[in-house]
Number of protein chains: 2
Amino acid sequence: MTAAAGSTGAPEELDLDAQIAAYQREYPEVDPQVEKVVTALGRLNRRMNVAYGRQLVDLGISNSEWEVLKALVVVGQPYRLGPGELAKRLGLTPAAMTHRIDRMVAEGLVTRERDETNRVRVIVELTDEGREKWLATMRLASAFEDDLLQDLTPLERTILGEILIRLLRRVESSQPDAGGRLEDLD
Amino acid sequence: MTAAAGSTGAPEELDLDAQIAAYQREYPEVDPQVEKVVTALGRLNRRMNVAYGRQLVDLGISNSEWEVLKALVVVGQPYRLGPGELAKRLGLTPAAMTHRIDRMVAEGLVTRERDETNRVRVIVELTDEGREKWLATMRLASAFEDDLLQDLTPLERTILGEILIRLLRRVESSQPDAGGRLEDLD
DNA sequence: GCATCAAACTTTAGCGTTGAAGTCTTGACC
DNA sequence: GGTCAAGACTTCAACGCTAAAGTTTGATGC
């Protein structure tokens with residue numbers, strides 16, 4: 001009655017080749033190589049997210065909170081952003097941001113105050129504690145990432161990065177990006 | 001007051017290089033190349049999921065339902081699996097599976113019945129309609145995937161696939177996989 | 001200067017998920 | 001052959017998110 005209960009700990013997937021074979025069996029028109037790349041990509045990402053998640057649990061914050069910390073750190077000092085802007089960058093609704101900020105204020109990771117020059121706006125600012133948390137996550141995450149790519153030669157890393165960026169550009173160019181605004185994208 | 005309301009339509013992210021530069025500024029020990037690969041990977045995946053999501057909306061099913069359809073199709077005829085096994089493969093709790101199955105039965109995508117040879121067990125089986133839905137998603141998804149990889153040469157596809165699989169193996173070997181069982185993984 | 005409209009955030013209702021407790025069946029032990 | 005433990009699923013309470021309505025502040029027009 002231990003483990004296997006809570007779940008959320010990495011789905012148990014079939015061997016990759018077996019899964020591709022199943023797709024071919026059920027839908028013969030599929031291109032096995034394409035499917036293999038795409039499936040590996042998705043699976044790798046899921047596994048990485050599970051790994052990040054475990055590290056975050058050790059640090060006592062959730063993935064949602066990590067996203068907010070990252071967004072605030074990336075803008076640089078004084079680490080401030082409004083709830084609306086945060087919501088847009090994280091891809092969720094303003095309502096969700098309100099609640100996230102509630103929790104994070106309660107935990108001392110950020111502060112929330114009205115902008116006195118424009119009282120409609122609210123300013124969310126990273127606390128020192130929040131910044132420390134982010135640094136701690138960064139130490140763990142980058143160690144994990146370094147380890148993950150350890151087997152790759154410098155050339156392979158370069159090639160991988162270059163290919164991924166090309167794919168990214170392709171998918172972004174085909175996505176009008178919902179609101180239509182893709183100003184600061186690239 | 002149009003757009004930008006509902007959100008969930010791909011977060012608006014900074015230019016990749018700008019984001020890497022921010023990480024270097026805030027945490028100089030980071031390896032920019034590693035970070036670039038990892039960030040591109042995550043971002044690509046998110047964009048792809050948004051794209052899949054849009055296709056699914058067109059077909060009238062949710063991402064959750066798609067996952068269940070895939071799992072059932074992959075096992076092959078007669079397309080049967082128990083709720084517990086489904087939950088394990090999808091990486092969620094049995095409770096969530098119960099509700100998902102409720103919805104999918106109501107929509108006619110699967111059937112649920114007790115196993116008469118062992119009345120503790122329940123059997124979830126894909127209906128013809130469910131299988132048709134899956135085929136439709138597969139047609140759209142594979143077209144999207146073919147298009148995504150279109151710019152890559154055969155050699156690049158091979159290299160990409162090979163590198164991804166090596167990364168996958170590395171991350172899987174470092175994850176005891178929660179329950180400790182990784183039998184049919186590889 | 002007052003009224004109206006727009007913008008930014010918050011509140012409310014509903015849905016899907018988790019974690020924990022509950023129900024029902026099967027198998028084993030005495 | 002009856003009781004008891006284990007397994008498989010379901011039910012319940014709490015939480016986070018979305019969509020939509022509500023509130024407060026700022027800007028515009030007359």
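Residue numbers begin at 1 in each chain, while the letters A, B, ... track the order of the sequences. All values reported here derive from a predicted model rather than from experimental measurement.
The salt bridge (Lys or Arg N to Asp or Glu O under 4.0 Å) pairs that include a residue from residues 27-36 of chain A are Asp17(A)-Lys36(A), where partners are two or more places apart or lie in different chains. Applying the ring-ring contact (aromatic ring centres under 6.0 Å, His included) test to pairs two or more places apart or on separate chains, none has a residue in residues 76-122 of chain A.
Taking atom CE of Met97(A) as the reference point, atom C1' of dA19(D) lies 18 Å away to the nearest angstrom. A straight line from CD of Glu65(A) to P of dC17(D) spans 10 Å, rounded to a whole angstrom. At whole-Å resolution of the value, CD in Glu85(B) and C1' in dG7(D) are 14 Å apart. In this structure, the CG atom of Leu86(B) is 9 Å from the P atom of dC9(D), given to the nearest Å. The distance between atom NZ of Lys88(B) and atom C1' of dC9(D), rounded to the nearest whole Å, is 14 Å. Spacing between atom CD1 of Ile61(A) and atom P of dG16(D) amounts to 14 Å, rounded to whole angstrom units. Atom CG in Leu90(A) sits about 10 Å away from atom P in dC17(D), given to the nearest Å.
Under the rule for a salt bridge (charged side-chain N to carboxylate O under 4.0 Å, His left out), the partners of Glu125(B) that lie at least two apart in sequence or sit in another chain are Arg80(B). Residues satisfying the side-chain contact (heavy atoms from CB on, under 4.5 Å) test with Gln55(B), not counting sequence neighbours, are Tyr52(B), Leu140(B), Ala141(B), Phe144(B). Arg166(B) is linked by a salt bridge (charged side-chain N to carboxylate O under 4.0 Å, His left out) to Glu156(A), Glu162(B), counting only residues two or more places apart in sequence or in another chain.
Contacts with DNA chain D (heavy atom under 4.0 Å) in residues 103-123 of chain A: Arg103(A), Asn118(A), Arg119(A), Val120(A), listed by number.
Checking the phosphate oxygens (OP1, OP2) of dT10(D), no side-chain nitrogen or oxygen of Thr93(B) falls inside 4.0 Å.
Toward the 5′ end of DNA chain D lies the nearest nucleotide of Asp102(B), the other residue of the pair Asp102(B) and Ala96(A) mapping further downstream.
There is a side-chain donor-acceptor pair under 3.5 Å between Arg43(B) and Gln19(B).
Closest to the side chain of His99(B), out of dC9(C), dC12(D), dT10(D), is dC12(D).
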